[in-house]
Structure formats: structure tokens, C-alpha cells
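Notes to accompany the following structure.
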Amino acid sequence: MIISSNHYVNLEATLFSGQCFRWISDPPWFYGVISNNLIKIREHPKGIEFFSTPTSETLLKDKIAEYFNLDENLDDIYSCINSDSRINTSIHLFQGMRILTQDPWECLISFICSSASNIKKIRRNIDSLTQYFGNKLYLDQQILNTFPTIQNIVEIDEDILRNLGLGYRSKYIKSTAQTILNQKIKIRTWENLNYQEGLDQLVYFKGIGDKIANCILLFSLNKKEAFPVDRWIEQILRNYYLTKSENKSLKTTASLRLWGMNHFGKYAGYANHYLFHYFRTQNK
DNA sequence: GGTAGACCTGCCGC
DNA sequence: TGCGGCAGGTCTA
């Protein structure tokens, strides 16, 4: 099934820029899991083309459009954030790269896994989790697994997570699932929170600080003003954006994040992600 | 409000 | 081949 988009959709950049961790590339197709369905997708002159199983394409169409934020006007966003040469270069290099709207629970666990790690290891960790807990989905030659549920994580021992290679993050994953269950926290209502309310809710969990919370807000809760500050973004801000005195006075992640949100405005998250991907790919 | 260690594990470069 | 530094952070003292 084809879903039309008002702007070119750059699947390679969107799916492999570090906002999600378990898509597989088999050109021209990409395979991934959305809402417990195996999705096969490729770029199409009108937008994107996809197949799904077990749910039919017709029933999943809206979900896929939402996942890729296809109704969001990229040209408007570009004109908002394109205020310097670095952003401009990145937009030209990765034209059509979109910020996704992923499942918040999966996004939350994935980014807890990301702390002091690297993309390869994060992918391995999440793959191990889905292989241990998930249900297998088949399409063409691909086998992918559904993501573990909150209940799945609550029910198993922390040592199993450690044996899967998650290290010190295991206790955070476990305690987050436990807290959500015990306090009957409704993840589905998170999308109704404003940025600050969402941030407060997320950093309440052990293992989620300012950076990871902003990733979850940006990549799953539709908060395009969110501005995750990691090692890369901190370096970019300090080297290219901050004045000498700002470099001195802005010490914490949160203060750098506030600077970024103020400087780049309501689509700061887009500016952040384009800069992040640009500098990461340049420095490989 | 700000800082130094500790924390798991496996890439990656020398 | 083997080894040490380091990675999309966060917590605690």
C-alpha cells in the first residue's frame, strides 16, 4: 500500500540516524516492527510503500503515517530551523529525514539501554531483549520479534537482563517497569502532557536523566521542542554556537538544553537531530 | 548548584 | 593477538 507524503521521505536517514534501533536494511526495502506488526517499507515517488503482517495494510495505514509523521510539513520546519550554515548543510545532506513517533514504552527502554553505550551495542541489547521475550514475526526471509511488555519485564529476574548483556542498566529497566505497574502509570496518557510535565514524569524514573528524557519526549511523545544534550551535541554547541562566557557559565546538561531550546525554537529537536546526524557521520 | 567516581559490557584502534 | 580507552548517561556522596 502506498501512503502519499507532501515531501520526500528519506528512509535511510530517518531509520539509521540513531532515533530507533531495530530496523533492518535490505535495499530498497527496510524491515521493522510497528505496533507488533512486521513492516516492509520503501520509498515511493508519491511517499512510501509498505506491506505488513499480521495486520492488514488498510488497518495499519494511519499508524504508519503517524509513526513517520507524514502530515508534518518538513518545509515549514526547515524554514524555522535553517538559521546557520551547519544546519543548512545538514538539511541538504539529509533532506527528508524525519523525527519518528515511536511507542513510548519501547523508546523509554531503548534509551535507558543507550546510556554510556554505542549504537552497535544498543542494537545488540535490544535485539537480545526482543529475542528473549518477544513473539516471532515472519515476512519474506526476515524474522523479527515483538517488543517485551511491561509485564514481561516485571516478571523476570534482574540477573536475566544482566545475562543478556544489559549491565548496570538492568536494574533501571526492572525498576522502571515495576514502578509503572505498581503506581498504575498510564503511558498512553503521556502524549497529552506538555513538555515540562512529560520531562518531570520521565526523570522520576531511576536511570532516566535529562538527556534520555528529552530523547523519549522527542522520538515518541511528539515534543519537537525537546533538545537532548549528549556528548556530541555538547561538543557542537561549545565549539560552534556558544560565546566564551556562555561556555563558562553553562555547565550542566539541563542548562545547555535550555540554551538550545531557546536558540532553535519550537523545532529545536529537529535542529538537534540534523546536527547530531551530520556531525556523527562526518566524524566516522 | 556543581563535581568526581562508580557502574556493565563490548567496540575499536593501536 | 592483546590491551586499554571509551561510548548517544545517571546516580550517589
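In the text below, chain A, chain B and the rest are named by the order of the sequence lines, each starting its count at 1.
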| note | Regarding the side chain of A:Lys120, the nearest nucleotide among B:dC8, C:dG8, B:dC12 is B:dC12

| message | Is the shortest side-chain heavy-atom distance between A:Ile180 and A:Trp105 below 4.5 Å? | response | yes

| request: Output yes when A:Lys171 and A:Glu158 qualify as a salt bridge under the 4.0 Å nitrogen-oxygen rule, no when they do not. | output: no

| task | Could you check whether A:Ser255 gets within reach of a base, just the sugar-phosphate, or nothing at all, counting any heavy atom under 4.0 Å? | result | nothing

| query | Atom CG of A:Asn125 to atom C1' of C:dA7: distance rounded to whole Å? | reply | 12 Å

| Of A:Gly18 and A:Gly207, whose nearest nucleotide on DNA chain C comes first from the 5' end? | A:Gly18

| message | Ignoring hydrogens, what is the shortest heavy-atom contact between A:Thr130 and A:Thr146? Give both atom names and the distance. | response | CB-O, 3.6 Å

| said: Just the rounded figure in Å: distance from P of C:dG8 to NE2 of A:His277. | reply: 14 Å

| task | Could you work out the separation of C:dC6 and B:dA4 based on their P atoms and round it to a whole Å? | result | 16 Å

| note | A:Lys174 atom NZ is separated from C:dC11 atom C1', nearest whole Å, by 20 Å

| message | Base, sugar-phosphate or nothing for A:Ile112? Non-hydrogen atoms, less than 4.0 Å. | response | nothing

| field | Between B:dG13 and C:dG8 - P atom distance, rounded Å | value | 12 Å

| task | Specify the separation, in whole Å, of atom OH of A:Tyr168 and atom C1' of B:dG10. | result | 13 Å

| At under 4.0 Å, does any side-chain N or O of A:Lys121 touch on OP1 or OP2 of C:dC6? | no

| query | Can you name the nearest heavy-atom pair linking A:Gln142 to A:Ile24, along with the distance? | reply | OE1-CD1, 3.8 Å

| task | Using Watson-Crick or G-U wobble geometry with both distances below 3.5 Å, tell me the partner of C:dG8, or none. | result | none

| Nearest-Å distance, CD1 (A:Ile216) to P (C:dT10)? | 9 Å

| said: Classify A:Phe205 by what it touches in the nucleic acid, base, sugar-phosphate, or nothing, heavy-atom distance under 4.0 Å. | reply: sugar-phosphate

| Does A:Arg169 put a side-chain nitrogen or oxygen below 4.0 Å from OP1 or OP2 of B:dC7? | no

| message | Classify A:Lys251 by what it touches in the nucleic acid, base, sugar-phosphate, or nothing, heavy-atom distance under 4.0 Å. | response | sugar-phosphate

| query | Looking across every strand, which nucleic acid part, if any, lies under 4.0 Å from A:Lys211 by heavy atom: base, sugar-phosphate, or nothing? | reply | base

| query | Quantified in whole Å, what is the C1' atom distance between nucleotide C:dC11 and nucleotide B:dG10? | reply | 22 Å

| Which heavy atom of A:Pro104 sits nearest a heavy atom of A:Ile187, and at what distance? | CB-CG2, 3.7 Å

| request: Give the rounded distance in Å between these two atoms: CD1 of A:Ile173 and C1' of B:dT9. | output: 13 Å

| field | Polar side-chain contact A:Tyr172-C:dG9 base: donor and acceptor under 3.5 Å | value | no

| request: Remember a base hit wins even if backbone is also touched, and classify A:Ser170 as base, sugar-phosphate or nothing at under 4.0 Å, heavy atoms. | output: nothing

| message | Categorize A:Gln19 for me: base, sugar-phosphate, or nothing, with a 4.0 angstrom heavy-atom threshold over every strand shown. | response | base

| Distance in angstrom units between A:Phe16 CZ and C:dG8 C1', rounded | 17 Å

| Heavy atoms under 4.0 Å, any strand shown: does A:Asp210 hit a base, just sugar-phosphate, or nothing? | sugar-phosphate

| query | Is the cationic atom of A:Arg22 (NZ for Lys, CZ for Arg) positioned less than 6.0 Å from the six-membered ring centroid of A:Phe147 and within 45 degrees of its normal? | reply | no

| More 5' along DNA chain C: A:Lys206 or A:Pro228, using each one's nearest nucleotide? | A:Pro228

| Whole Å only: how far is the CZ atom of A:Arg280 from the P atom of C:dG8? | 6 Å

| field | Cationic tip of A:Lys206 above A:Tyr172 ring, under 6.0 Å, 45° of axis | value | no

| message | Give me the distance, rounded to whole Å, that separates B:dG5 from C:dG5 when you measure between the P atoms they each carry. | response | 15 Å

